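Source: prediction; values computed, not measured. Protein chains get the first letters and strands the later ones, always in sequence-line order, with residue 1 at the start of each. The basis for the numbers below is simple: all heavy atoms, side chains too, and nothing from hydrogens, waters or symmetry mates.
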Protein chains: 2
Amino acid sequence: MVEIVILGLLMQGKMSGYDIKKVAEQSVGLFIKMSYGSLYPALKRLAGEGDVIEEDTNDAKNRKLYAVTEQGGRRFLAWLGEPLQTNKREHLLKIFFYDHLDEPTRKRNLTNLEQTLQRSIAEMEAVQSVVEKELDQLEDKDDYYYRVSVMHYGLQFFRMEREWLTQIIAKEAFKNESNRRL
Amino acid sequence: MVEIVILGLLMQGKMSGYDIKKVAEQSVGLFIKMSYGSLYPALKRLAGEGDVIEEDTNDAKNRKLYAVTEQGGRRFLAWLGEPLQTNKREHLLKIFFYDHLDEPTRKRNLTNLEQTLQRSIAEMEAVQSVVEKELDQLEDKDDYYYRVSVMHYGLQFFRMEREWLTQIIAKEAFKNESNRRL
DNA sequence: TCGAGCATGTAACAAGTTACATGATTTC
DNA sequence: GAAATCATGTAACTTGTTACATGCTCGA
């Protein structure tokens with residue numbers, strides 16, 4: 001995970017480890033945290049495997065700059081093109097970097113995720129209506145109020161995610177259409 | 001985390017490790033995963049510390065039943081009463097178990113979280129309007145489409161969470177009012 | 001009787017955090 | 001000149017997963 005974030009951020013240009021952390025906080029910081037204790041070892045690993053090159057700037061601060069190699073770029077793009085899965089918010093990380101991915105793969109993966117989400121939502125709605133009916137027959141249903149609320153959260157969360165996806169897919173289509181006209 | 005989930009689920013009655021996993025999947029499974037490799041060692045730890053008691057049922061399946069001790073109950077309730085923080089979805093886990101918490105603490109923690117969220121949203125809206133303006137002055141703004149989309153996701157996510165919170169706070173107030181009338 | 005599922009457990013590994021160490025530079 | 005922040009790094013620890021091992025039971 002850390003390694004992929006590093007590669008993704010370095011796709012925009014060379015940076016020091018220190019800068020990578022700062023940029024990460026300002027961009028993907030909302031859903032991914034990185035500490036120096038994982039960052040620096042990851043940079044060493046990436047350099048050892050040839051995915052990035054380490055460059056000593058002998059400037060005043062003794063910084064080291066890192067840049068992706070073509071091998072590293074291929075590795076990153078291979079990861080980026082994989083199907084989107086909602087596990088552990090990795091899909092958000094992928095979509096964050098989607099400007100680097102080709103349009104057809106992008107569209108395919110996004111609509112696939114949208115459909116998967118749609119199925120999950122339908123399933124959850126079915127489960128919830130059953131639960132709701134069972135609950136109505138209990139006298140002590142107030143005792144399950146928060147458990148049920150968190151179940152509702154799940155549904156609202158999935159719906160929000162689906163709507164967001166639908167929006168970005170629609171806007172991308174519109175964007176492409178406009179650009180073709182120019 | 002695993003230990004807390006176990007304690008929380010056991011608050012509803014004694015269960016085997018195997019059952020704990022099944023119940024967890026059906027309830028908190030959406031945002032928390034547990035494997036046997038973490039579950040069983042956690043049960044041993046909890047038993048060693050006196051937070052649960054292990055009871056050998058010498059039934060056909062050679063099951064072991066676990067139940068919370070009063071010490072374990074205190075530990076769980078202490079955790080449950082802590083302020084809600086959105087980190088790592090721990091707040092969802094807490095709220096899931098909120099039926100076990102007293103109403104005043106519940107209300108206090110929920111409204112505190114609501115206010116914190118409200119501040120985050122205001123802050124994000126400010127940041128986004130600045131970013132949006134800067135973006136409008138670029139010719140290649142399509143190259144940042146997905147990065148910006150994920151930023152929008154953040155805002156939508158926070159808003160959804162706030163609205164959900166507002167709803168459950170309002171409904172709880174209504175619930176209390178109705179019960180007082182009886 | 002055979003396979004699915006019940007039931008418990010461990011060892012090796014993975015991935016990351018926390019706390020510490022060190023030193024230079026910039027800013028007030 | 002002191003404090004903040006730039007800059008890099010390591011060692012110990014935490015937490016969890018994966019893969020394996022083992023054996024029992026229940027229904028088709």
Side-chain angles (χ1 to χ4, degrees), chain A residues 1-10 14-26 28-49 51-67 75 79 85 87-90 93, chain B residues 1-10 14-26 28-49 51-67 75 79 85 87-90 93:
Chain A
M1 194 84 301
V2 198
E3 298 184 12
I4 283 294
V5 177
I6 292 171
L7 287 177
L9 294 178
L10 288 181
K14 50 172 75 169
M15 269 188 290
S16 65
Y18 190 84
D19 284 336
I20 289 172
K21 178 143 191 286
K22 283 186 63 179
V23 172
E25 278 165 6
Q26 293 160 16
V28 289
L30 263 184
F31 48 97
I32 290 202
K33 313 286 170 194
M34 252 196 310
S35 62
Y36 291 126
S38 58
L39 176 60
Y40 284 114
L43 278 170
K44 292 295 164 192
R45 281 197 303 276
L46 287 168
E49 290 160 14
D51 288 332
V52 303
I53 36 161
E54 190 180 289
E55 179 192 319
D56 269 32
T57 77
N58 291 315
D59 63 1
K61 291 175 184 169
N62 237 335
R63 294 190 305 152
K64 290 179 184 174
L65 292 185
Y66 293 89
R75 181 179 154 195
W79 169 83
Q85 293 184 324
N87 291 333
K88 295 183 300 164
R89 294 173 167 191
E90 199 182 303
L93 189 61
Chain B
M1 194 83 300
V2 197
E3 297 184 14
I4 282 293
V5 177
I6 292 173
L7 288 177
L9 294 177
L10 289 180
K14 51 174 73 170
M15 269 188 288
S16 64
Y18 191 84
D19 285 336
I20 290 172
K21 178 143 192 286
K22 282 185 64 179
V23 173
E25 278 165 6
Q26 292 161 16
V28 289
L30 263 183
F31 48 97
I32 288 202
K33 313 287 169 193
M34 251 196 310
S35 63
Y36 291 126
S38 58
L39 176 59
Y40 284 114
L43 278 170
K44 294 294 164 193
R45 281 197 304 275
L46 286 168
E49 290 159 12
D51 288 332
V52 303
I53 36 163
E54 189 180 289
E55 179 192 320
D56 268 32
T57 76
N58 292 316
D59 64 0
K61 292 175 184 168
N62 237 333
R63 294 190 306 153
K64 290 178 185 174
L65 292 185
Y66 293 89
R75 181 179 154 194
W79 170 82
Q85 292 185 325
N87 290 335
K88 294 183 299 165
R89 296 173 166 190
E90 199 182 301
L93 188 62

Report, one pair per line, the protein and nucleotides 11-16 of chain C atoms (nitrogen or oxygen only) whose separation is under 3.5 Å.
residue : atom : partner : partner atom : Å
C:dG16  : OP1  : A:Val2  : N            : 3.4

Task: Candidate pair B:Lys14 and B:Asp19, rule side-chain contact (heavy atoms from CB on, under 4.5 Å), full reasoning - done: CA-CA 10 Å; B:Lys14 51 174 73 170; B:Asp19 285 336; over 6 Å; no

TODO: Could you tell me whether the side chains of B:Glu90 and B:Trp79 share a donor-acceptor contact shorter than 3.5 Å?
DONE: yes

Task: Criterion side-chain contact (heavy atoms from CB on, under 4.5 Å) on A:Glu54 and A:Asp56, from CA distance to verdict - done: CA-CA 7 Å; A:Glu54 190 180 289; A:Asp56 269 32; 4.1 Å; yes

Task: Distance, nearest 0.5 Å, that separates OG of B:Ser35 from NZ of B:Lys21 - done: 7.5 Å

Task: Spacing between A:Asn58 atom CG and C:dA24 atom C1', to the nearest angstrom - done: 14 Å

TODO: Whole angstrom is fine here: how far is it from CD1 in A:Ile6 over to C1' in D:dT8?
DONE: 14 Å

Open item on the list: Roughly what angle, to 10°, lies between the helix axis at the start of the helix from C:dT1-D:dA28 to C:dC28-D:dG1 and the one at its end, five pairs per end?
Closed with: 30°

Task: Distance, nearest 0.5 Å, that separates CD of A:Glu49 from NZ of A:Lys44 - done: 13.5 Å

Task: Atom pair CG/OG of B:Asn62 and B:Ser16 - distance to nearest 0.5 Å - done: 12.0 Å

Task: Sequence-aligned protein contact record of nucleotides 1-8 of chain C, with B where the base is within under 4.0 Å of a protein heavy atom and S where only the sugar-phosphate is - done: -----BBB

TODO: Check whether any side-chain N or O of B:Asp59 sits under 3.5 Å from a backbone N or O of B:Arg63 as a donor-acceptor pair, and report yes or no.
DONE: yes

- [ ] Indicate yes or no for a side-chain donor-acceptor contact from A:Lys22 to the backbone of A:Tyr18 under 3.5 Å, with no hydrogens or angles considered.
- [x] no

TODO: To the nearest 0.5 Å, tell me how far B:Ile20 CD1 sits from B:Tyr40 OH.
DONE: 8.5 Å

- [ ] Hey, could you give me the CD1/CD distance between B:Ile32 and B:Glu25, rounded to the nearest 0.5 Å?
- [x] 12.5 Å

Open item on the list: If I take atom CD in residue A:Glu55 and atom C1' in nucleotide D:dT8, what distance separates them, rounded to the nearest angstrom?
Closed with: 16 Å

